[in-house]
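One structure is given here, and the rest of the page talks about it.
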Amino acid sequence: MVLNPVISKLAGKLVVLASASPRRLEILRNAGLRFEVVPSWFKETLDKSLFKAPHEYAVETAKQKALEVARRMPFKHLKTPDIVIGADTIVTVDGMILEKPVDKDDAYRMLSSLSGKSHSVFTGVAIVLCHEKENDEVDYQLFAFYEETKVKFADLSENMLWEYINSGEPMDKAGGYGIQALGGMLVEYVHGDFLNVVGFPLNHFCKQLDLIYNHGAFSSEQETSPGSSSHNGTHASPTILTQSSPDTPAQSGHSNGSSAKHNPSAGQTRHTQSSPSASPVHKVKKNDGESEVGESSWTLVNSLSKHTDDRQAELVDSENAASLMTSRGPAMELNVTEHEGGEPRKEDLQRITELMDGFKASKALFTASKMCVFDLLQSRPGLDAAQVAEEIKASVKGTECLLEACESLGLLKSKERKCQKPVYENSGLASRFLLSDAPFSLQGYIQHCDKTVWPLFSHLEDAVREGSNQHEKAFGKKSKDMFQDTFYNSLDVKLRFMNAMHSIAKVTGQAVATAFDLSSFKTACDLGGCTGAMAYEFTKSYPGLSVTVFDLPAVVEMSEHFHPLRTDNRVSFVAGDFFNDDLPKADLYILARILHDWPDEKVHVLLSRVADACTPGCGLLLSEIFLDEDRGGPSRGLLQALSMSDGKQRSAAEYGLLLESHGFITAHIRHTDNLLDAMLCIKA
Ligand SMILES: Cc1cn([C@@H]2O[C@H](COP(=O)(O)OP(=O)(O)OP(=O)(O)O)[C@@H](O)[C@H]2O)c(=O)[nH]c1=O
């Protein structure tokens, strides 16, 4: 079978599927392909009006999805893939491109426009081949193609439409339907590749791979055009396209150029475009003699070194060196090749010292925050070290060292006065995040890190040896359950924890609330919503939404402390334990930084209770740090796991499987540019 030689050809290669689509994962896994899943962060917002034909939009989106992952992996995952596969499926009808619906009304609009009509489903596929060169540069070479399948819908009644929409199935699918599932009931006939509709044209893909790996359509000496590679960024280059070897004309058309000839009765149009620039026609040997593969032009799409990418260089020099430890920024690969003089490279030493000094940077931040240095300099900028020392009741020497260290971390700025001591003021970073009354103050979280996390990490070696939380060594008593410990402990411990949760929710709330369009939901329940900071962000973003914060009695009784003026009567508080008590009814349940605190078995208990409280079509918004599928990052999530709590850091796919087992279908995933990512699921 043409498949086996192809699939076996990829054995031993690092193949990456740049897609979060569970259907694509299933199609390729069932075909026997071994690969990693690294969902693309490419935001699908290309301007459709720029494309002459719908399939070009799908192809370009597929290319960008694959290239984003191919470029990110050498830095973020510290490994370069051999081949990255991207795909994008769109539905077109009456000249409109239908992607995934944003809400139920959008799904209704799409399905109504498809009712009783024949429409096309296009899946664009991009294959990026990555070639590491001696100097550690990476060449990316790009193939792309698309497949079209015709689908005819039956006439759909209003009842049928809404019953299907309320099943939740439409929400994560182009055109708002899943032909492989309930959506199959809507379909009268399909002309063409069924899997192409589901999301991946497997047969066409395998024939493309066959051309690449078995018929010499690709060989490095032919394709590397000198001077075409660039170290600083991507060439805007035509994609590399090949004309798939035509089947018998009756079964599928093929294109000589961008307009395709196809046999409408076959309904399956097999397209690849010829690249815009005329280029030598590849002749390849086939078993039955020589045949023309068709036009193709090979251009290096991009070539950059794993170690000298400009973006990487600036990260090494960034002022907030300490933030590299915890930001979502790429984990840098340390290039430890020796220089001619034999001494290690500056960047490598700098990176290693950042890691070694990271704890000192953190402690300097915690100490300055606790001693109210930032609040002092906000009210009285321009103080010198002696004046600050007097105000914070500390030694001049110690204060001088602390202020200079904070300036080196980008937290303070100093101005020299003529032959006088430097005077200090807050940097922008400090003004935004380190003042006790700043809108995005992280002071609460910083105190939590200093008083709770730091002591735990002081026993990290024991935690690693024993594989368990070191609560007893750190605080002198066994930890039954983090929340019981915290909330049935002294008032200041409880307040400190709530302050920490409050500050994270304030910083992330708006990004989470607006990650998706939630305007179709009228009531929400924020499970474990603590002080209500997240709830208030939701009601601020959605005037029609009311939110009930459901949390432990010991938390709810303190919530007033955080919102002295009840700023919005659409936020209410109900006391209860979400593992044991009835959950308030809502059409959207919010789980923000909750599931990572619990092992899978407890997560199943909670999700089962939420599922029981839901009716079909209910939403579940999950907000967490989503690990990369290969657990290569982000470091913030993996470092948090070292606290060895009973919880677990998970990837989006792992959360998706937990949710799917309780009938929640993943509709959208969003990697926000904030501390938390978000996933919107719909109850089937
Ligand atoms: C028409 C149709 C589509 N789909 C799914 O619709 C998504 C399209 O969206 P996409 O943007 O191409 O992919 P994605 O799911 O967002 O993943 P990603 O590749 O990460 O963008 C894909 O899932 C497809 O299977 C079905 O499952 N069945 C169908 O009948």
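- Y589 places no side-chain N or O within 3.5 Å of a backbone atom of V610 that could act as its donor or acceptor partner.
- Shown here is K363, whose NZ atom has more than 12 heavy atoms of other residues, nucleotides or ligands within 6.0 Å.
- Under the 30°/60° scheme for interplanar angles, the aromatic rings of H604 and H662 are found to be tilted.
- When all heavy atoms are compared, the tightest approach of D581 to R609 is O-NH1, 2.9 Å.
- Between the side chain of D551 and the main chain of V556, no donor-acceptor pair closer than 3.5 Å is present.
- Note that the CG atom of L658 and the CZ atom of F664 stand 12.0 Å from one another [nearest 0.5 Å].
- In this structure, V453 and S643 have side chains that are not in contact, with every pair of non-hydrogen atoms separated by 4.5 Å or more.
- T508 contributes a side-chain N or O that, together with a main-chain N or O of I504, makes up a donor-acceptor pair within less than 3.5 Å.
- The two residues A575 and F550 come nearest to each other via the heavy atoms O-CE1, 3.9 Å.
- Looking at L527 and I590, their side chains never come closer than 4.5 Å, going by heavy atoms from C-beta outward.
- Looking at R670, its side chain never comes within 3.5 Å of a backbone N or O of H668 through a donor-acceptor pair.
- Put simply, the side chain of C530 does not reach to within 4.5 Å of the side chain of H502, judged on heavy atoms.
- Closest non-hydrogen pair, L442 versus S503, comes out as CA-CB, 3.9 Å.
- Side-chain contact between L583 and D612 is absent, with no heavy atoms from C-beta onward closer than 4.5 Å.
- Contact check for L17 versus L28: side-chain heavy atoms found under the 4.5 Å cut-off.
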(Q) Applying side chain to side chain contact (heavy atoms under 4.5 Å, CB included) to I446 and L434, what does each step give before you reach the verdict? (A) CA-CA 9 Å; I446 287 169; L434 304 180; 3.4 Å; yes
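- Between F573 and Y536, the ring planes are tilted. Angles from 30° to 60° get that label.
- Interatomic distance, CZ of F562 versus NZ of K506, reported as 11.5 Å (0.5 Å rounding).
- For R631 (side chain) and Q649 (main-chain N/O), a donor-acceptor pair under 3.5 Å exists by modelled atom type.
- T523 places a side-chain N or O within 3.5 Å of a backbone atom of D587 that can act as its donor or acceptor partner.
- The closest donor-acceptor contact from the side chain of E169 to the backbone of G183 lies under 3.5 Å.
- Ring geometry, F440 versus F433: the interplanar angle falls from 30° to 60°, so the pair is classed tilted.
- Under a 3.5 Å cut-off, the side chain of E461 and the backbone N or O of H459 do not form any donor-acceptor pair.
- Here the shortest heavy-atom pairing between V603 and L595 reads CG2-O, 3.8 Å.
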(Q) Using the rule given for side chain to side chain contact (heavy atoms under 4.5 Å, CB included), can you reason through I625 versus L676, listing the C-alpha separation, both sets of side-chain angles and the distance that settles it, and then say yes or no? (A) CA-CA 5 Å; I625 299 171; L676 292 179; 4.2 Å; yes
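- Note on E26 versus R29: no salt bridge recorded, every NZ/NE/NH1/NH2 to OD/OE distance being 4.0 Å or above.
- Side-chain contact, Q510 with S541: no donor N or O sits under 3.5 Å from an acceptor N or O.
- V38 and V69 get closest at one heavy-atom pair: O-CG2, 3.4 Å.
- Crowding of R34 atom CZ: a count of heavy atoms from other residues, nucleotides or ligands under 6.0 Å not exceeding 12.
- Test R23, R24, K100, K173 against T89 for side chain to side chain donor-acceptor pair (under 3.5 Å) and you get one pass: R24.
- Counting only heavy atoms from C-beta outward, the side chains of I665 and M171 never approach each other to under 4.5 Å.
- Summarising the geometry of V512 relative to S623, their closest heavy-atom pair is CG2-OG, 3.3 Å, with the distance given to 0.1 Å.
- Taking the charged nitrogens against the carboxylate oxygens, D88 and K65 do have a contact shorter than 4.0 Å, which makes a salt bridge.
- With values rounded to the nearest 0.5 angstrom, E99 atom CD is found 6.5 Å from T61 atom OG1.
- Remark: side-chain polar atoms of K585 are paired, donor with acceptor, to backbone N or O of A613 under 3.5 angstrom.
- Contacts of E660 classified as salt bridge (Lys or Arg N to Asp or Glu O under 4.0 Å), with partners at least two apart in sequence or in another chain: none.
- Around CD of E601, the count of heavy atoms belonging to other residues, nucleotides or ligands within 6.0 Å exceeds 12.
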**Q.** Stepwise side chain to side chain contact (heavy atoms under 4.5 Å, CB included) test for L659 and M679
**A.** CA-CA 10 Å; L659 287 157; M679 178 188 289; 3.6 Å; yes
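- In this structure, CG on D450 lies 6.0 Å from OG1 on T367, to the nearest 0.5 angstrom.
- Residues S651 and E654 bring a donor and an acceptor atom of their side chains to less than 3.5 Å of each other.
- Using the six-membered ring where Trp is involved, W454 and F366 have ring planes that are perpendicular, over 60° apart on the 30 and 60° scheme.
- We find the CG-CG distance between D82 and L10 to be 9.0 Å, quoted to the nearest 0.5 Å.
- Environment of CG in D462: crowded, with over 12 heavy atoms of neighbouring residues, nucleotides or ligands closer than 6.0 Å.
- Contact check on K602 versus D597 returns no salt bridge, with no Lys/Arg side-chain nitrogen under 4.0 Å from an Asp/Glu carboxylate oxygen.
- The CD atom of Q640 sits 11.0 Å away from atom OG of S635, with the distance rounded to the nearest 0.5 Å.
- Counting heavy atoms from C-beta outward, H448 and N499 have side chains that stay 4.5 Å or more apart.
- Aromatic rings from F626 and Y655 are positioned such that their centres are separated by under 6.0 Å.
- With hydrogens and angles ignored, the 3.5 Å screen pairs a side-chain donor or acceptor of S441 with a backbone N or O of L435.
- Between V102 and F516, the closest side-chain pair of non-hydrogen atoms is not below 4.5 Å.
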